[in-house]
Undergrad: 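The structure that follows is given in the form of structure tokens.
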Amino acid sequence: MKQDIDLEKCARQVRQGKNGAALEKLVSSEVGAELAAKVDGERLTKAAQQGDAQALASMLKGILSTPEGRSFAAQVEKAVRDGQ
């Protein structure tokens with residue numbers, strides 16, 4: 001089932017959440033910037049807006065297949081869980 005996703009709304013909710021500052025810090029980090037540069041932003045946005053879970057999963061799998069991606073994902077998980 002496909003549905004439209006409001007990326008701006010999702011981003012606002014993350015930033016306003018209790019762990020928003022920690023997540024912003026991670027995304028702004030050198031590793032976060034390097035990983036972001038490897039993602040086709042237009043493709044990601046289109047897949048998210050169209051609710052294309054298969055395309056999103058494929059992109060995520062590509063990121064998580066690298067040591068940097070796995071490490072970054074672990075840091076994001078920790079930030080969400082602990083606010084650090």
Side-chain angles (χ1 to χ4, degrees):
M1 175 164 97
K2 294 187 178 193
Q3 64 184 34
D4 288 340
I5 298 173
D6 184 340
L7 295 178
E8 291 298 321
K9 181 179 177 183
C10 290
R12 277 192 307 275
Q13 288 174 334
V14 168
R15 286 184 186 105
Q16 293 170 355
K18 71 175 187 166
N19 302 325
L23 291 171
E24 284 282 342
K25 184 177 177 182
L26 282 171
V27 170
S28 300
S29 71
E30 184 177 331
V31 174
E34 288 174 9
L35 290 172
K38 294 179 182 181
V39 174
D40 181 342
E42 186 174 320
R43 182 175 168 227
L44 175 66
T45 300
K46 184 176 179 182
Q49 288 174 336
Q50 294 176 347
D52 188 346
Q54 186 174 9
L56 292 169
S58 175
M59 286 182 259
L60 184 57
K61 184 176 179 181
I63 292 168
L64 295 177
S65 69
T66 67
E68 298 86 3
R70 287 190 297 274
S71 174
F72 187 77
Q75 291 175 45
V76 168
E77 180 182 19
K78 182 175 177 16
V80 169
R81 185 182 61 241
D82 302 337
Q84 299 177 2

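In what follows, every heavy atom counts, from backbone to side chain, and hydrogens, waters and symmetry copies are set aside.
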Undergrad: Let me confirm one number: the CD1-CG distance from Ile63 to Leu44, rounded to the nearest 0.5 Å.
TA: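 Result: 7.5 Å between the selected atoms.
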
Undergrad: Which pair of heavy atoms, one from Arg43 and one from Ala55, lies closest together, and at what distance?
TA: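 Result for this residue pair: NH2-O, 4.4 Å.
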
Undergrad: Are Leu56 and Leu60 in one and the same hydrophobic cluster, where Ile, Leu, Val, Met, Phe, Trp and Tyr link if side-chain heavy atoms are under 4.5 Å apart?
TA: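 Each belongs to a different hydrophobic cluster.
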
Undergrad: Give a yes or no on whether the backbone of Gln54 and the side-chain of Ser58 come within a donor-acceptor separation of less than 3.5 Å.
TA: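 Flag not set: sc Ser58 to bb Gln54 has no pair under 3.5 Å.
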
Undergrad: Would you please name every residue forming a salt bridge (charged side-chain N to carboxylate O under 4.0 Å, His left out) with Glu68, sequence neighbours left out?
TA: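 Glu68 satisfies salt bridge (charged side-chain N to carboxylate O under 4.0 Å, His left out) with no residue once adjacent residues are dropped.
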
Undergrad: Would you check if the side chain of Ser65 reaches a backbone N or O of Gly62 as a donor-acceptor pair within less than 3.5 Å?
TA: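 Yes, Ser65 side chain to Gly62 backbone: donor-acceptor pair under 3.5 Å.
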
Undergrad: Phe72 and Leu35: which non-hydrogen atoms are nearest, and at how many Å?
TA: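 Looking at all heavy atoms of both residues, the closest pair is CB-CD1, 3.4 Å.
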
Undergrad: Please report the closest heavy-atom contact between Leu64 and Gly69, naming both atoms and the distance.
TA: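 Distance-wise, the nearest heavy atoms are CD2-O, 3.7 Å.
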
Undergrad: Atom OG1 of Thr66 and atom NZ of Lys38: how far apart are they, to the nearest 0.5 Å?
TA: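 Between atom OG1 of Thr66 and atom NZ of Lys38 there are 5.5 Å.
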
Undergrad: Not counting sequence neighbours, which residues clear side-chain hydrogen bond (donor to acceptor under 3.5 Å, both in side chains) with Ser71? List them please.
TA: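 Once residues adjacent in sequence are excluded, the partners of Ser71 under the side-chain hydrogen bond (donor to acceptor under 3.5 Å, both in side chains) criterion are Gln75.
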
Undergrad: Determine whether Arg81 and Glu77 make a side-chain contact, defined as any pair of heavy atoms from C-beta on separated by less than 4.5 Å.
TA: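 Of all side-chain heavy-atom pairs linking Glu77 with Arg81, at least one is under 4.5 Å.
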
